[in-house]
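All remarks here apply to the structure that follows.
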Number of protein chains: 2
Amino acid sequence: MVKKIPKPSLARLPKYYQVVTSYLNRKNEKYISSSYLSDCLNIDDSQIRRDLMYIEIGGIPRVGYDAKELRDVLADYLGYFNLNEAILVGVGNLGTALAEYKGFERYGLSIVGLFDSDPEKIGNLVGNLKVDNIENLEQVIKKFNIKIGIITTPARYAQQIAEKMIKANIKAIWNFAPVTLDIDEDIFIQDENLAENFSFISHYLKETEPEKE
Amino acid sequence: MVKKIPKPSLARLPKYYQVVTSYLNRKNEKYISSSYLSDCLNIDDSQIRRDLMYIEIGGIPRVGYDAKELRDVLADYLGYFNLNEAILVGVGNLGTALAEYKGFERYGLSIVGLFDSDPEKIGNLVGNLKVDNIENLEQVIKKFNIKIGIITTPARYAQQIAEKMIKANIKAIWNFAPVTLDIDEDIFIQDENLAENFSFISHYLKETEPEKE
DNA sequence: AACATTCTGTGAATTTAAACACAAAAGGGG
DNA sequence: CCCCTTTTGTGTTTAAATTCACAGAATGTT
Ligand SMILES: NC(=O)c1ccc[n+]([C@@H]2O[C@H](COP(=O)([O-])OP(=O)(O)OC[C@H]3O[C@@H](n4cnc5c(N)ncnc54)[C@H](O)[C@@H]3O)[C@@H](O)[C@H]2O)c1
Ligand SMILES: NC(=O)c1ccc[n+]([C@@H]2O[C@H](COP(=O)([O-])OP(=O)(O)OC[C@H]3O[C@@H](n4cnc5c(N)ncnc54)[C@H](O)[C@@H]3O)[C@@H](O)[C@H]2O)c1
């Protein structure tokens, strides 16, 4: 590998993917330019060209990047073409929303197992999956060699579930519970803290409209 | 204002809030140190001290920061003590999950109105709110002077709904639809692109387990 | 009371990311 | 075929963020 892609660059790639995908759907153009992407996303155009140099794609001066090729190279680089099978634990409101969401397909994510501890939920059909007993978690993960675990249980159970997942050889965890998981092993943790992200809004509003003190 | 807080620092503050809050719940200690926070969050301790200098809090050498004070200063700085009333448009799976979620309360977020265009949904009770007709959106926002709009409709309606919200004087939008909203006005947009964040996982798995080509 | 320890606060150095600026390529028009 | 425009690719500069390193404050210990 020549040079590792910087984290901020990696974070921008899915945005390019989104733009180029909708560009291909709406327009009938073969090429897309960095300045077009720049306008859509408010990102410096030289920044975009530099980002695209990390993935294996070349553009044509005066013309742009081949849009289809760009889309596919991005998808490949981001792993969307891989089959990413995941199991999900905690089939509550949020877990159900994720399980039934069709939009993950184009990112290669396929949720293939649902688990809960609530007897009322076990056996129910969600999406087209039957909710399984949490006790079968390790067994199923191992049997189907699942690499991705999604946690949508209340925060206080998240740590123990993460540990169970890891014992069963999960490689990455998508954690929606508002806790910082304490993990030693070399597991990839992606925390999705919605309430935390709301802070940007509340802080912004506080800044711009200071209440009288 | 002496110096504006850098974006990455602001993004870390909610994490400190989370840790200090659970620290206060679990332990009976008056003080918390930057090295403790550092251990919990894997963030350099001098980084943490620097971040905390942006908000108005002083620590005591050899002792640490007053934990209760730190929690409250963070909460205040992030606007959690303000009443942040929001309306939500698109009462589907995700919208329902957000509307029924109790955890937002401690961040000052209160969802006070739900809107949908589907006649089957209008009139339903979700959480303890009745789903209102999308046609009443502008009127309600204006009447109650709502500042925050949450979008959980399919992506293709997001732009028009954002425009309606802005016409009614919304100041910040929390957008869960996977599109980049095209907005001229000075409105704060917080995009929450879950599928995009999944990319970090799929890219990581691709990197670490390269399939034979 | 001297000393060791542990923490904060902060300049200074280092690293990383973003922006600038321009050469060179590609294509169109006259 | 020459000139003009647009766009890529990248060396260089600038800016931002992180880490280092240590002085100085508070406290306990012998
Ligand atoms: N709903 C939201 O909008 C939202 C927003 C931000 C964060 N979150 C977080 O996401 C998580 C889920 O939220 P929710 O609203 O879906 O909650 P929920 O109560 O609707 O669902 C939780 C589910 O987890 C199951 N569960 C509990 N303990 C379990 C265990 N040990 N093993 C297996 N399953 C178990 C419960 O039976 C339930 O079905 C929570 O951690 C919450 O803080 C949710
Ligand atoms: N569910 C998830 O886990 C998930 C994950 C990532 C992104 N998203 C995004 O969140 C959004 C909602 O997802 P969902 O799964 O809840 O979808 P959903 O289909 O369950 O809900 C969408 C709701 O929006 C309503 N709606 C449609 N057009 C409307 C309009 N013009 N005005 C008002 N209401 C309207 C529909 O009636 C429906 O109730 C989508 O943009 C989706 O891409 C969802």
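Below, chain A is the first sequence line, B the second, and so on; all start at residue 1.
- The aromatic rings of A/Tyr101 and A/Phe104 stand perpendicular to each other, their planes meeting at an angle above 60°, with 30° marking the opposite boundary.
- Among the nucleotides D/dA26, C/dT8, D/dT18, the one closest to the side chain of B/Pro8 is D/dT18.
- Distance B/Ile55 CD1 to C/dG9 C1': 14 Å, rounded to the nearest Å.
- Rounded to an integer number of Å, the gap from CZ of B/Arg50 to C1' of C/dT10 is 6 Å.
- Between the P atom of C/dA18 and the CD1 atom of A/Ile43 lies a distance of 9 Å, rounded to the nearest Å.
- You'll find the ring centres of B/Tyr54 and B/Tyr77 outside the 6.0 Å limit.
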Strictly under 3.5 Å: I want the nitrogen or oxygen pairs between protein and nucleotides 21-25 of chain D, one per line.
none

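- Taking atom CD1 of A/Ile32 as the reference point, atom C1' of D/dT8 lies 15 Å away to the nearest angstrom.
- One atom, CD of B/Gln47, and another, P of C/dG9, lie 15 Å apart when rounded to the nearest Å.
- Nearest approach of B/Leu129 to B/Gly113, heavy atoms of both residues: CD1-N, 3.9 Å.
- Among the heavy atoms of the strands, none lies under 4.0 Å from B/Ser9.
- Surrounding CD of A/Gln160 are more than 12 heavy atoms belonging to other residues, nucleotides or ligands, all under 6.0 Å away.
- Classification of B/Glu196 and A/Lys15 as a salt-bridged pair holds, one side-chain N sitting under 4.0 Å from a carboxylate O.
- When each of A/Arg12 and B/Tyr65 is assigned the nucleotide of DNA chain C bearing its nearest heavy atom, the one mapping closer to the 5' terminus is B/Tyr65.
- With salt bridges taken as basic N to acidic carboxylate O contacts below 4.0 Å, one links A/Asp76 and B/Lys206.
- Taking atom CG of residue B/Leu10 and atom P of nucleotide D/dT18, one finds them 12 Å apart after rounding to whole Å.
- The nucleotide whose nearest atom lies closest to any side-chain atom of B/Asp44 is, among C/dT8, D/dT7, D/dT19, D/dT19.
- A/Asp39 has its CG atom 14 Å from the P atom of D/dT6, to the nearest Å.
- Side-chain N/O atoms of A/Ser34 include none lying less than 4.0 angstrom from OP1 or OP2 on D/dT7.
- Each of D/dT7, D/dG9, D/dA26 was ranked by its minimum atom distance to the side chain of B/Val63; first place goes to D/dA26.
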*Stepwise salt bridge (Lys or Arg N to Asp or Glu O under 4.0 Å) check, B/Asp72 with B/Lys68*: CA-CA 6 Å; B/Asp72 293 345; B/Lys68 279 214 181 73; over 6 Å; no
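- Rounded to whole Å, atom P of C/dC7 lies 13 Å from atom OH of B/Tyr36.
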